[in-house]
Amino acid sequence: MSNGATVGIHDLSFATTEFVLPHTALAEYNGTPVGKYHTGIGQRSMSVPAADEDIVTLGASAAAPIVARHGTDGIRTLVFATESSIDQAKAAGVYVHSLLGLPSATRVVELKQACYGATAALQFALGLIHRDPTQKVLVVASDVSKYELDSPGEATQGAAAVAMLVTADPALVRIEDPSGLFTADVMDFWRPNYRDAALVDGQESIGAYLQAVQGTWKDYSEQGGRPLEDFGAFCYHQPFTKMAYKAHRHLLNSAGRDTDEAAVEQALGRTTGYNAVIGNSYTASVYLGLAALLDGAEDLDGQAVGFLSYGSGSVAEFFAGTVVPGYREHLRTEAHREAVERRQPIGYDRYRELHEWGFPTDGGDHPTPAGTTGPFRLAGIGGHKRIYEKR
Ligand code: HMG
């Protein structure tokens with residue numbers, strides 16, 4: 001490391017939506033045996049945004065507790081990672097910067113590469129802090145996952161934001177060099193600018209993810225990374241929680257190891273709790289895996305955790321972190337459980353209505369129907385400008 005500083009995640013907070021659709025309701029509507037959802041893909045429910053929630057309100061809700069705890073001193077960069085962008089020019093993070101009252105002496109930028117964006121943001125943050133360890137970087141990963149109604153991807157929707165304060169001498173997880181990297185030009189999942197919902201070739205996307213796992217691990221090993229046996233747990237990108245299991249078995253096989261199911265469960269089972277009930281939160285998903293791991297009952301002091309971040313298209317990165325002794329004093333376990341439990345269950349018809357809802361594009365004044373009880377809301381649009389408010 002360039003200046004000897006340890007750098008990593010000092011604080012982590014997440015937020016999710018006002019509403020939740022249980023997979024039982026989706027299964028009942030479309031006649032799918034619910035076992036396909038609960039066991040086949042490992043999902044129980046999905047977060048559904050109210051009409052007045054979006055990546056900005058979710059991102060600000062995730063980051064506000066971090067600013068409340070640490071203040072704004074030293075935060076000179078806010079990196080907002082998303083693939084559910086709300087504007088082709090202005091970074092969503094600029095709205096978050098304003099809602100949180102961050103100082104004007106801040107650089108704000110938006111990053112995109114499907115579900116990989118937040119990891120790029122984290123790596124950029126680490127680089128900035130190596131350059132000047134007195135600075136802090138606020139990384140916000142926020143996404144709303146949306147597929148066509150009645151498509152195979154529909155059951156893997158979700159929405160959430162994770163905010164991380166990245167600093168020197170972090171309280172939660174020290175992030176290590178090296179990283180294993182992998183990029184391949186594949187069309188497994190994409191969303192052209194004129195579409196609201198993503199397009200996906202489901203089986204191709206699973207294959208592309210597995211290829212990326214193998215590629216990142218190969219590069220990680222060649223770069224002198226830790227041996228597999230060092231890791232106490234692995235946080236994978238989880239488009240659905242069973243994908244992490246497929247990915248880890250593939251990693252073990254390609255590294256010539258046995259796939260002992262008890263060991264696979266021990267490595268992954270503690271990382272899936274939030275993703276199973278929130279659904280795919282795209283770029284936030286791997287860090288919701290970390291939140292579940294840290295918030296769990298087991299003491300992880302000093303343990304090495306492997307991170308596998310995958311973004312369709314595709315770019316992936318494998319890297320390691322060490323859980324900092326004493327991390328438990330800095331967790332937000334109660335607030336995280338509350339964020340999940342406070343969601344109001346909705347039925348299939350209400351979900352469908354929200355899925356189809358959108359602003360007119362005529363440039364008129366359009367207030368948003370009230371829905372969220374969270375701290376921030378998208379109040380409407382007027383003259384093609386989005387208007388946010390603190391509640
Ligand atoms: P599908 O094709 O309808 O489902 O959709 P399936 O037939 O493959 O069944 C799924 C699993 O359920 C199978 O298990 C079945 O056997 C099992 P597997 O063989 O895979 O182990 N099953 C049952 N189990 C118990 N009881 C039953 C039952 N019936 C079947 N009754 C698919 C699955 C994932 C393709 C679909 O949900 C989809 O298209 N999802 C969206 C794409 C996706 O999530 N891809 C993952 C990799 S790409 C990625 O992670 C990137 C992404 O996050 C985007 C980004 O980077 O921005 C998506």
Side-chain angles (χ1 to χ4, degrees), residues 23-24 26-28 30-44 46-47 55 81-85 111-121 141-160 162 182-192 195-216 235-251 259 261 264 268 272 275-276 278-289 307-317:
H23 277 81
T24 45
L26 183 62
E28 199 179 314
N30 63 20
T32 299
V34 77
K36 176 171 174 179
Y37 297 148
H38 287 177
T39 313
I41 60 170
Q43 292 302 120
R44 310 297 299 192
M46 55 203 204
S47 282
I55 54 163
T82 189
E83 59 172 294
S84 339
S85 196
L111 285 185
K112 177 189 70 183
Q113 175 24 58
C115 301
Y116 168 73
T119 298
S142 184
D143 266 316
V144 174
S145 159
K146 197 166 178 182
Y147 294 95
E148 295 284 3
L149 291 167
D150 307 321
S151 70
E154 183 181 22
T156 66
Q157 295 172 122
V162 172
F182 182 82
T183 289
D185 183 2
V186 285
M187 290 304 283
D188 59 329
F189 165 107
W190 67 107
R191 183 169 68 82
R195 284 183 62 96
D196 194 29
L199 294 163
V200 63
D201 179 337
Q203 297 311 326
E204 166 100 12
S205 74
I206 293 171
Y209 186 137
L210 297 181
Q211 189 195 8
V213 167
Q214 198 167 336
T216 54
C235 294
Y236 282 85
H237 166 54
Q238 294 170 29
F240 50 92
T241 60
K242 277 292 154 71
M243 187 67 225
Y245 288 79
K246 285 181 195 289
H248 195 56
R249 286 187 201 112
H250 189 76
L251 175 60
T259 47
E261 282 308 314
V264 171
L268 304 181
T272 59
N275 284 302
I278 286 176
N280 194 354
S281 55
Y282 288 158
T283 201
S285 151
V286 62
Y287 300 102
L288 280 181
F307 293 84
L308 189 290
S309 179
Y310 174 76
S312 283
S314 70
V315 178
E317 180 160 346

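In each ligand, atom 1 is the first atom listed, and ligand 1 is the first ligand listed.
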| Does the N or O separation between Lys246 and ligand 1 drop below 3.5 Å for any pair? | yes

In ligand 1, the atoms that come under 4.0 Å of a heavy atom of Gly311 are 56 (O)

the protein heavy atom lying closest to atom 29 (N) of ligand 1 turns out to be Lys36 CB, 3.5 Å

- Does atom 24 (N) of ligand 1 have any protein heavy atom closer than 4.0 Å? yes

- request: Please state whether the rings of His237 and Tyr209 are parallel, tilted or perpendicular, taking 30° and 60° as the class boundaries.
  value: parallel

heavy-atom search around atom 35 (C) of ligand 1 in the protein gives Gly202 CA, 3.6 Å

closest protein heavy atom to atom 43 (C) of ligand 1 is Ser205 OG, 3.7 Å

Sub-3.5 Å N/O-N/O distance, Asn280 and ligand 1 = yes

### Query
Does any N or O atom in Cys115 lie less than 3.5 angstrom from one in ligand 1, N or O only?
yes

Beyond-backbone contact of Ser285 with Asp143, side-chain heavy atoms, under 4.5 angstrom
no

>> Please report whether ligand 1 has a polar contact with His237, defined as an N or O pair separated by less than 3.5 Å (distance criterion only).
In response: yes

closest protein heavy atom to atom 38 (C) of ligand 1 is Gly153 CA, 3.7 Å

